[in-house]
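First listed ligand is number 1; within each ligand, the first listed atom is number 1.
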Amino acid sequence: MNDCIFCKISKGEIPADIVYEDEKVIAFNDLQAQAPTHVLVIPKKHIASLNDIEEDDLELISYIFDRIPKLASKLGIKKSGYRVVNNCGSDGGQSVNHIHFHLLGGRSLQWPPG
Ligand code: AMP
């Protein structure tokens, strides 16, 4: 998607504080961190939201979830614990229409979310 900010980050067209990248996935620090560690993990492929995952994307989504604990380990939060959040749609609080998984940690997180 030409006007998608996360597609632009994944293509290197706009800067981000990248903490991990491979051919399928990129992870970068959230601009408005809500925890000491707050990283967004996204597929480079444009998928608008959780609602838009298709059969062909399932391997990619599995791949992301395989990467997340490894990334948590690299970021030093695997043992202490962390939260993975996907906001979907307007009531879910999704503000960027490119699927992304928030990886939050580095402090004790509250529950339930607001
Ligand atoms: P959501 O509200 O779940 O759609 O999350 C979108 C997240 O993207 C928010 O936490 C924003 O702070 C974050 N964000 C938006 N633009 C950027 C950017 N250019 N670099 C890093 N994080 C961003």
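Contact check for Arg67 versus Asp22: side-chain heavy atoms found under the 4.5 Å cut-off. Side-chain contact between Phe65 and Phe101 is present, with heavy atoms from C-beta onward closer than 4.5 Å.
The protein heavy-atom contact nearest to atom 1 (P) of ligand 1 is His100 NE2, 3.1 Å. Distance from atom 10 (O) of ligand 1 to its nearest protein heavy atom, with residue and atom name: Asp30 OD2, 2.5 Å.
Closest approach of His38 and Gln32 over heavy atoms only: ND1-O, 3.9 Å. For the pair His100 and Val96, the tightest heavy-atom approach, listed with the atom from each and the gap, is CE1-O, 3.2 Å. Taking both residues in full, the closest heavy atoms of Asp3 and Lys8 are given as CA-NZ, 4.3 Å, listed atom of the first, atom of the second, then distance. Closest approach of Ile42 to Ile64, counting heavy atoms only: C-CD1, 4.4 Å.
A salt bridge is defined here as a Lys NZ or Arg NE, NH1 or NH2 lying under 4.0 Å from an Asp or Glu carboxylate O, and Lys44 with Glu23 fails to meet this definition.
The distance criterion of under 3.5 Å between nitrogen or oxygen atoms is met by Ser95 with respect to ligand 1. Inclusion of Phe6 in the set of residues having an N or O under 3.5 Å from an N or O of ligand 1 is not warranted. The distance criterion of under 3.5 Å between nitrogen or oxygen atoms is not met by Gln94 with respect to ligand 1. Annotation: Ile14 places no N or O atom under 3.5 Å from an N or O atom of ligand 1; distance criterion only. Of the polar atoms of Leu31, at least one N or O is found under 3.5 Å from an N or O of ligand 1, judged by distance alone.
Against a heavy-atom cut-off of under 4.0 Å, Asn29 is close to the following atoms of ligand 1: 21 (C). Within the listing of ligand 1, atoms 12 (O) sit less than 4.0 angstrom from a heavy atom of Gln32.
Residue contact annotation: Ala16 has no non-hydrogen atom under 4.0 Å from ligand 1. For His102, the heavy-atom gap to ligand 1 drops under 4.0 angstrom. For the ligand labelled ligand 1, residue Asp17 lies outside the 4.0 Å heavy-atom shell. Using a non-hydrogen distance threshold of 4.0 Å, Asn86 does not register as a contact of ligand 1.
Without hydrogens or angle criteria, Ser62 side chain to Leu58 main chain gives a donor-acceptor distance under 3.5 Å. Without hydrogens or angle criteria, Glu21 side chain to Val19 main chain gives no donor-acceptor distance under 3.5 Å.
Hydrophobic clustering (side-chain heavy atoms under 4.5 Å, transitive across Ile, Leu, Val, Met, Phe, Trp, Tyr) keeps Leu40 apart from Tyr20.
When Asn87, Ile99, Val96 are ranked by how near their heavy atoms come to atom 3 (O) of ligand 1, first place goes to Asn87.
Under 4.0 angstrom from ligand 1, there are no non-hydrogen atoms of Val85.
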